[in-house]
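Accompanying notes for the structure given below.
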There are 2 protein chains.
Amino acid sequence: MNKCEQCIVRQLSSLRELTRDELIRISHCKTSKIVKRGEVLFNEGDQVNGVFCIKDGVCKVSKMSENGRDQVIKLITKGDLLGERSLITGGSSNLTARALNDMEICFIPKDEIVRDLKQNNNFTMSMLKDLATSLRDADEVIVDMAQKTVKQRLAETLIHLDNKFPKDDEGYIDVYLTREDIANIIGTATESAIRILSDYKKKGLINFKGKRIIIQDVKGLERIAQKY
Amino acid sequence: MNKCEQCIVRQLSSLRELTRDELIRISHCKTSKIVKRGEVLFNEGDQVNGVFCIKDGVCKVSKMSENGRDQVIKLITKGDLLGERSLITGGSSNLTARALNDMEICFIPKDEIVRDLKQNNNFTMSMLKDLATSLRDADEVIVDMAQKTVKQRLAETLIHLDNKFPKDDEGYIDVYLTREDIANIIGTATESAIRILSDYKKKGLINFKGKRIIIQDVKGLERIAQKY
DNA sequence: GGGATTCTATGATAAATATCAGTTTTTTTC
DNA sequence: GAAAAAAACTGATATTTATCATAGAATCCC
């Protein structure tokens with residue numbers, strides 16, 4: 001069994017507020033798991049009876065729209081927590097999580113987390129701060145979705161991906177997204193996303209080989225994302 | 001000075017978790033205020049050094065998009081809290097709040113709330129639950145903005161307004177929104193909102209006299225909002 | 001390693017939505 | 001209560017985006 005103490009997730013998430021004793025207890029009840037690319041961590045409507053710690057890999061968290069298209073709400077990556085919101089609201093998940101590549105995760109049962117939330121106010125406060133920040137980010141997304149064009153949103157998403165993910169040896173953004181995934185992040189038709197990507201490539205803003213994308217002109221993309 | 005104990009806001013918000021003693025302390029440091037229609041409670045970028053309790057009236061909370069259009073994120077009404085998120089994240093507000101009609105509000109200084117958050121875990125947990133629920137709602141909004149047509153979003157907004165606000169003697173929804181406000185809720189041009197409203201009126205789904213709107217066929221609106 | 005499948009790409013067209021211009025109506029203000 | 005300002009409305013047109021159809025490229029899978 002791996003120690004939680006040195007875990008990357010502990011360093012980056014609210015779990016850093018747990019005391020040594022609490023951490024030891026968590027260490028003993030957590031379970032580790034490998035999730036293969038394409039596999040589902042949980043589905044919309046599932047009861048999520050705990051919190052996932054992402055030790056490695058990336059997953060997309062999405063929600064099915066009433067008209068049958070999937071909307072990617074966020075990408076969860078190494079060091080992140082997943083499922084804490086459903087745990088707090090108590091009900092089943094409103095979102096689906098699916099692995100984009102092979103993942104290494106731990107699962108902490110609900111009761112253990114709830115116990116710590118009730119007893120360790122620093123932990124609760126840190127969680128509160130995280131949620132408040134997420135809400136602020138959500139406001140941004142809502143404004144962008146409502147007011148910006150598809151071209152602007154794609155430019156923004158490319159910048160966002162460039163910031164969030166590491167680069168491989170040649171500088172390509174290290175995340176496995178199909179064109180459909182990208183379209184589902186910005187909320188457009190796959191064909192539209194493809195067309196705009198090709199256009200940005202032609203203009204020298206980006207380059208790509210298949211799914212491997214590299215940003216060549218961040219300033220240019222920023223100009224598109226901001227200027228109307 | 002009004003007692004906080006019987007206040008509507010206390011009944012409907014996380015403040016219900018405060019103990020009698022905490023409430024008495026809050027009672028003594030809060031300030032009451034009248035805000036006239038059109039006045040701003042706080043602007044994007046302002047330091048909001050406390051929490052607003054809405055005793056009466058309605059305000060719109062919006063955010064300016066980079067292309068210069070205002071997006072209404074939510075409507076805040078009688079019984080709601082306002083400003084707690086900025087308080088928790090610590091920084092300045094990312095949103096602007098403006099009164100839609102005359103309002104009666106109380107203001108509780110930041111330090112008092114923070115003190116209670118640190119000492120009363122029930123209060124913190126309740127706040128945590130509220131934020132988690134708001135995040136879930138935000139997910140819904142993001143999906144709708146990204147995937148639904150303007151017609152669908154307007155239908156949805158009308159249903160939403162019908163649920164959220166009381167009705168006057170004749171059954172009209174009791175909220176003062178211009179056509180531009182409505183357009184800024186659904187994220188479209190004012191002219192588009194006007195056209196679709198007229199269309200819905202012609203189809204007998206709604207009726208309106210000026211800003212006073214009445215829903216005549218909820219089922220019909222639901223069908224539009226859901227079916228693609 | 002070759003067939004099946006999924007993914008990417010492109011053109012043609014249709015549909016949705018924004019913009020611009022101008023008019024009428026309502027609301028505010030003095 | 002009249003003038004000014006703001007809001008609501010309508011038509012014409014341009015732009016954006018989705019849809020449909022089809023073909024080539026990459027990937028998966030025995």
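Chain letters run A, B, ... following the sequence lines, proteins first and then strands; every chain starts at 1. Excluded from the calculations below are hydrogen atoms, water molecules and symmetry mates; all remaining heavy atoms, backbone and side chain alike, are included.
A straight line from CG of Asp199(B) to C1' of dC9(D) spans 14 Å, rounded to a whole angstrom. When rounded to the nearest whole Å, the span between CD of Gln152(B) and C1' of dA15(C) equals 14 Å. Atom CD in Gln147(A) sits about 14 Å away from atom P in dT17(C), given to the nearest Å. Rounded to an integer number of Å, the gap from Leu154(B) CG to dA18(C) P is 12 Å. Put simply, NZ on Lys36(A) is 15 Å from C1' on dC28(D), counting in whole angstrom units. The distance between atom CD1 of Ile196(B) and atom C1' of dC9(D), rounded to the nearest whole Å, is 14 Å. What separates NZ of Lys151(B) from P of dA18(D) is a distance of 16 Å, to the nearest Å. Atom C1' of nucleotide dT27(C) and atom CZ of Arg212(B) are separated by 15 Å, given to the nearest angstrom.
For Lys78(A), the NZ atom is loosely surrounded, since the number of other residues' heavy atoms within 6.0 Å does not exceed 12.
With respect to the salt-bridge test (charged N to carboxylate O, under 4.0 angstrom), the residues Asp162(B) and Lys167(B) qualify.
Both Gly187(B) and Tyr176(B) lie near DNA chain C, and the one whose nearest nucleotide falls closer to the 5' end is Gly187(B).
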* Encode nucleotides 5-11 of chain C as B, S and - characters from 5' to 3', where the letter depends on protein heavy atoms closer than 4.0 Å: B to the base, S only to sugar-phosphate, - to neither. => --SSBBB
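Counting non-hydrogen atoms under 4.0 angstrom, Arg37(B) reaches the backbone sugars and phosphates but no base.
Geometrically, Arg179(B) engages Phe208(B) in a cation-pi contact defined by less than 6.0 Å to the ring centre and at most 45° from the axis.
With dT17(D), dT17(C), dA18(D) as the choices, the nucleotide that has an atom nearest any side-chain atom of Thr188(B) turns out to be dT17(C).
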* For Thr89(B) and Arg136(A), run side-chain hydrogen bond (donor to acceptor under 3.5 Å, both in side chains): C-alpha distance rounded to whole Å, both residues' side-chain angles, the deciding distance at 0.1 Å, then the answer. => CA-CA 9 Å; Thr89(B) 57; Arg136(A) 192 176 274 239; 3.2 Å; yes
* Would Asp130(B) and Ser14(B) satisfy side-chain hydrogen bond (donor to acceptor under 3.5 Å, both in side chains), going step by step from the backbone distance to the final call? -> CA-CA 8 Å; Asp130(B) 282 354; Ser14(B) 287; 2.7 Å; yes
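Side-chain contact between Met103(A) and Cys59(A): present, with at least one pair of heavy atoms (C-beta onward) separated by less than 4.5 Å. Contact check for Cys53(A) versus Leu15(A): side-chain heavy atoms found under the 4.5 Å cut-off. In this structure, the side chains of Ile159(B) and Glu222(B) come closer than 4.5 Å at one or more pairs of heavy atoms.
Across its full length, the helix from dG1(C)-dC30(D) to dC30(C)-dG1(D) shows an angle of 60° between the axes of its 5 terminal pairs at either end, rounded to 10 degrees.
Looking at Leu82(B), Asn49(B), Val61(B), Thr96(B) one by one, the single match for side-chain contact (heavy atoms from CB on, under 4.5 Å) with Phe42(B) turns out to be Leu82(B).
One finds a side-chain N or O of Ser192(B) lying less than 4.0 angstrom from the OP1 or OP2 phosphate oxygen of dA18(C).
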